[in-house]
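A short write-up of the structure that comes next.
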Amino acid sequence: SRAMAMWGTFMPIGMSAVLVATPLLEELGWRGFWLVNAALLIGYAALLVPATRGIPARMVPVRSIARVVRFALSASGPWLLAGLFAFFAAAYFAVFAFLPAILSERLSVDTRIGGLLAGVAVSVNALGNLACGALLSRGVAHRTILLLGFGAMAICSIGVLSGALSGAVVYTASIVFSALAGLIPVALIHSAPRMAPRPELIGATIGFLMQGNNVGLVFGPAAAGALAVA
């Protein structure tokens, strides 16, 4: 539970780091900013090689990838997890894609400060990831955690996007939204071993779940932008 929770913090830590680093865009331009990201990845790969040397490889039976994927897609569990992750990502990224602009407008600050405030709000998501690990280790049901996370996202998103509330209330709602949304990814990933149709399909189930995240990441901001224009 705690290992999955630690792993789940990759998204909020990475997102908040990029939002905090937005002033670099003025200096480097978007191409330079992407090249910095590429350099970070190359540096991480250089660290990964010596850090993983000596870890024994487990011998597992070789299976047909097409057969494994077909078995995973024919079961309901992977589809359910992928669908939940898609809806989570769609809502989360729809809100936080617009949050810097919303905060700049509602708090009457420039876009740089708005990006920094949004970065702080995103980083709180990592606390939700870690809290979910603690709840799971104490035996709290996945269903209870997911209902709490999705319910909080629904209520707090109204506060974030409402035009009638003060800037301070909007920002507070974004903090709570981010923190309790952090419960969801860890609970879903932790559910994969139970929802996989067979033990040997856990990896494929997690992979399918992560594709749901990618679909929501693309669909959420695009749908929100289309609604805003309309």
Side-chain angles (χ1 to χ4, degrees), residues 1-15 37-38 40-93 125-151 153 180-220:
S1 302
R2 291 187 178 91
M4 286 293 188
M6 288 294 295
W7 180 76
T9 63
F10 79 88
M11 186 187 74
I13 290 175
M15 284 181 63
N37 277 302
L40 288 173
L41 290 173
I42 292 170
Y44 184 76
L47 289 173
L48 188 66
V49 172
T52 56
R53 188 175 292 121
I55 297 178
R58 291 189 304 161
M59 299 301 295
V60 295
V62 177
R63 298 184 179 91
S64 164
I65 294 177
R67 191 163 179 261
V68 167
V69 171
R70 187 171 68 252
F71 279 136
L73 297 186
S74 64
S76 60
W79 283 98
L80 176 62
L81 293 179
L84 288 171
F85 217 146
F87 282 116
F88 156 77
Y92 190 88
F93 286 100
N125 187 261
L127 299 179
N129 299 150
L130 299 175
C132 185
L135 292 173
L136 290 169
S137 66
R138 291 170 185 252
V140 179
H142 295 79
R143 175 188 173 87
T144 301
I145 294 172
L146 291 173
L147 286 172
L148 174 62
F150 278 113
M153 289 180 72
L180 293 182
L183 300 172
I184 295 173
V186 177
L188 291 176
I189 296 167
H190 194 266
S191 299
R194 297 188 304 113
M195 301 295 286
R198 301 180 185 178
E200 64 270 20
L201 298 180
I202 293 174
T205 299
I206 292 177
F208 195 55
L209 178 151
M210 294 306 297
Q211 292 310 310
N213 174 64
N214 296 336
V215 169
L217 193 155
V218 173
F219 170 76

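All residue numbers refer to positions in the sequence shown, counting from 1.
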Review point. Minimum heavy-atom separation for Ala75 to Pro78, with atom names?
Key: O-CD, 3.8 Å
Exercise for review: Find the distance between CG (Leu147) and CD1 (Ile184) and round it off to the nearest 0.5 Å.
Suggested key: 10.0 Å
Check your understanding: Heavy atoms, side chains only, cut-off 4.5 Å: are Pro50 and Arg53 in contact?
Key -> yes
Exercise for review: Could you tell me the separation between the CG atom of Leu47 and the OG1 atom of Thr52, rounded to the nearest 0.5 Å?
Suggested key: 10.5 Å
Check your understanding: So, for Leu209 and Leu188, which heavy atoms are closest and what is the spacing to 0.1 Å?
Key -> CD1-O, 3.6 Å
Practice item. Assess whether atom CZ of Phe87 is packed by more than 12 heavy atoms of other residues, nucleotides or ligands within 6.0 Å. Key: no
Check your understanding: Rounded to the nearest 0.5 Å, how far does CG of Leu136 lie from CD1 of Ile145?
Key -> 4.0 Å
Study note, to complete from the structure: Closest non-hydrogen atoms of Gly182 and Val186, given as atom of the first, atom of the second and distance, are O-CG2, 4.1 Å
Practice item. Work out which heavy atom in Phe208 is nearest to a heavy atom in Ala82; give both atom names and the distance. Key: O-CB, 3.6 Å
Study note, to complete from the structure: Heavy atoms of Leu183 and Gly128 approach each other most closely as CD2-O, 3.5 Å
For residues 191-201, please give each side-chain donor-acceptor pair under 3.5 Å, one per line with the distance, not counting sequence neighbours.
{"from": "Ser191", "atom 1": "OG", "to": "Ala187", "atom 2": "O", "distance (Å)": "2.7"}
{"from": "Arg194", "atom 1": "NH2", "to": "His142", "atom 2": "ND1", "distance (Å)": "3.1"}

Review point. Are any of the side-chain heavy atoms of Thr144 and Leu148 separated by less than 4.5 Å?
Key: no
Review point. Within a strict 4.5 Å, meaning less than it, do heavy atoms of the Val215 and Phe85 side chains meet?
Key: no
Practice item. Have a look at Met11 and tell me which of Asn129, Asn125, Leu217 forms a side chain to side chain contact (heavy atoms under 4.5 Å, CB included) with it. Key: Asn125
Practice item. Identify the heavy atoms of Trp79 and Leu73 that sit nearest to each other, and give their distance. Key: NE1-O, 2.6 Å
